[in-house]
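Naming: A, B, ... by sequence-line order, numbering from 1 per chain.
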2 protein chains.
Amino acid sequence: MSTPTGSRRRADAVRNRRLALEAATALLSEPGAALTVEAIAKKVGLGAATVVRAFGGKDALLDAAVSGLLEPVVRRARDLLAETTPTRALHVFLRELLAFQTAHHGINDQLGGLDLPATTALRADLVRAVEEMIDGARREGTVRTDLDPGVTTTLIGQTALAVARARPPSQELADAYLTVLLDGLRPPAAP
Amino acid sequence: MSTPTGSRRRADAVRNRRLALEAATALLSEPGAALTVEAIAKKVGLGAATVVRAFGGKDALLDAAVSGLLEPVVRRARDLLAETTPTRALHVFLRELLAFQTAHHGINDQLGGLDLPATTALRADLVRAVEEMIDGARREGTVRTDLDPGVTTTLIGQTALAVARARPPSQELADAYLTVLLDGLRPPAAP
DNA sequence: AATCAACTGGAACGCACATTTCAGTTATCG
DNA sequence: CGATAACTGAAATGTGCGTTCCAGTTGATT
């Protein structure tokens with residue numbers, strides 16, 4: 001049903017599609033990378049036209065690359081929520097999220113203005129998961145309740161962005177961010 | 001000496017230069033603004049060529065606009081350092097800095113890749129002033145000393161960036177950021 | 001091997017910008 | 001009021017993209 005008379009899609013095209021995706025993904029981890037179609041094409045040794053066609057446009061290609069990176073992160077967030085307490089999930093997940101961001105700088109640099117539906121959907125999932133963590137942690141008394149929960153989530157997202165933007169990438173910086181963030185999110189000591 | 005035989009520069013040119021600068025400055029406070037030469041020109045009702053020529057290029061125009069906004073902020077930081085304790089200076093200044101960023105979103109959005117010498121210099125001054133505040137506050141025991149001072153400064157800068165990026169601009173969000181940041185920067189409670 | 005649709009990539013195109021050109025306009029000065 | 005040099009802005013130019021075209025190539029199917 002899916003491929004009626006054998007695959008109409010040639011093997012080399014499938015291979016090139018995979019190569020283009022891999023090259024785009026690799027570029028997302030390179031700090032100052034140009035993130036142009038030509039840069040991706042050059043990396044694989046293909047023509048620019050071929051790279052673009054494989055996914056139907058630059059945006060679709062990058063959407064696939066970014067969402068491919070993001071998908072395991074989102075799954076991890078949900079797994080943690082199921083496995084452990086919200087507070088522990090929040091702490092563990094934030095540590096991992098910042099490590100992820102440290103490893104993939106390009107991911108947030110030049111993506112503005114692009115249409116990335118799958119990525120946007122995943123981001124929404126991620127936000128939902130973090131909101132759950134915060135909500136639970138607040139109930140457990142480990143996160144301050146004097147701030148709007150949505151604001152707290154935004155704060156976390158922006159922290160992740162800031163880590164991704166750090167040049168050069170620095171795990172030390174990410175750790176410092178996390179320390180300050182978590183201490184700042186704790187309920188303020190009673191007078 | 002400066003204008004040997006009367007001004008060689010015509011009055012209308014001087015006026016247009018001022019108008020271009022004002023328009024560029026205004027655009028820096030508009031969230032989704034395009035920040036193109038044409039957008040600036042349209043705002044003043046001048047031709048694009050005139051706007052660019054007034055400063056010798058788009059970069060120079062924006063450099064003038066941004067540094068014009070930044071200059072009082074830097075002066076304020078230095079004044080606070082001279083007037084009061086480092087801790088108080090840090091708190092007061094951060095509040096004002098975040099309010100400034102809330103008011104001028106465009107300021108950090110599309111400035112990447114532009115050559116802004118005056119702005120860069122002012123930013124360096126600002127960083128120096130903040131470093132002084134932190135250094136003093138650490139000595140006063142109001143800021144944790146278990147983080148690298150430079151990292152702490154970067155953290156503050158990134159927080160300011162995050163506030164500038166908030167859409168829509170929100171003083172509430174800025175306040176939340178500040179609260180978390182300052183609490184996170186406090187020395188951790190002794191066991 | 002033969003056939004043919006799928007595929008490829010260099011070149012052409014379209015688009016958005018900043019910048020430069022240049023014929024016409026206008027402030028300024030004698 | 002001229003005369004002249006500064007100024008203006010619509011159009012032309014240059015640049016850096018993403019995308020599309022199309023003549024040539026190659027994998028798949030018989």
Residue A/Arg165 excluded, over 12 heavy atoms near CZ under 6.0 Å: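 Result for CZ/A/Arg165: enclosed.
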
For atom CG of B/Asp115 and atom P of C/dT19, their distance in whole Å: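 Distance check: B/Asp115 CG to C/dT19 P gives 11 Å.
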
Spacing between A/Gln110 atom CD and D/dG16 atom C1', to the nearest angstrom: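 The distance from CD of A/Gln110 to C1' of D/dG16 comes to 13 Å, rounded to the nearest Å.
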
Summary of protein contacts for nucleotides 4-14 of chain D, nucleotide by nucleotide, where a base hit scores B, a sugar-phosphate-only hit scores S (4.0 Å, heavy atoms): --BSBBB----

Base versus backbone protein contacts along nucleotides 12-18 of chain C [heavy-atom cut-off under 4.0 Å; B, S, -]: -----SS

Test: B/Arg76 cationic atom under 6.0 Å from B/Phe93 six-membered ring centre, within 45° of axis: no

[Y] and [X], any side-chain heavy atoms less than 4.5 Å apart:
{"X": "B/Arg144", "Y": "A/Asp183", "result": "yes"}
{"X": "A/Arg138", "Y": "A/Pro149", "result": "yes"}
{"X": "B/Ile134", "Y": "B/Leu90", "result": "yes"}
{"X": "B/Val44", "Y": "B/Asn16", "result": "no"}

Salt bridge (Lys or Arg N to Asp or Glu O under 4.0 Å) assessment of A/Glu71 paired with A/Arg75: CA-CA 6 Å; A/Glu71 204 266 348; A/Arg75 178 167 37 234; 3.0 Å; yes

Residue pair A/Thr119 / A/Asp63, side-chain donor-acceptor N/O under 3.5 Å: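 Checked: A/Thr119/A/Asp63 side chains pair up, N/O donor to acceptor below 3.5 Å.
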
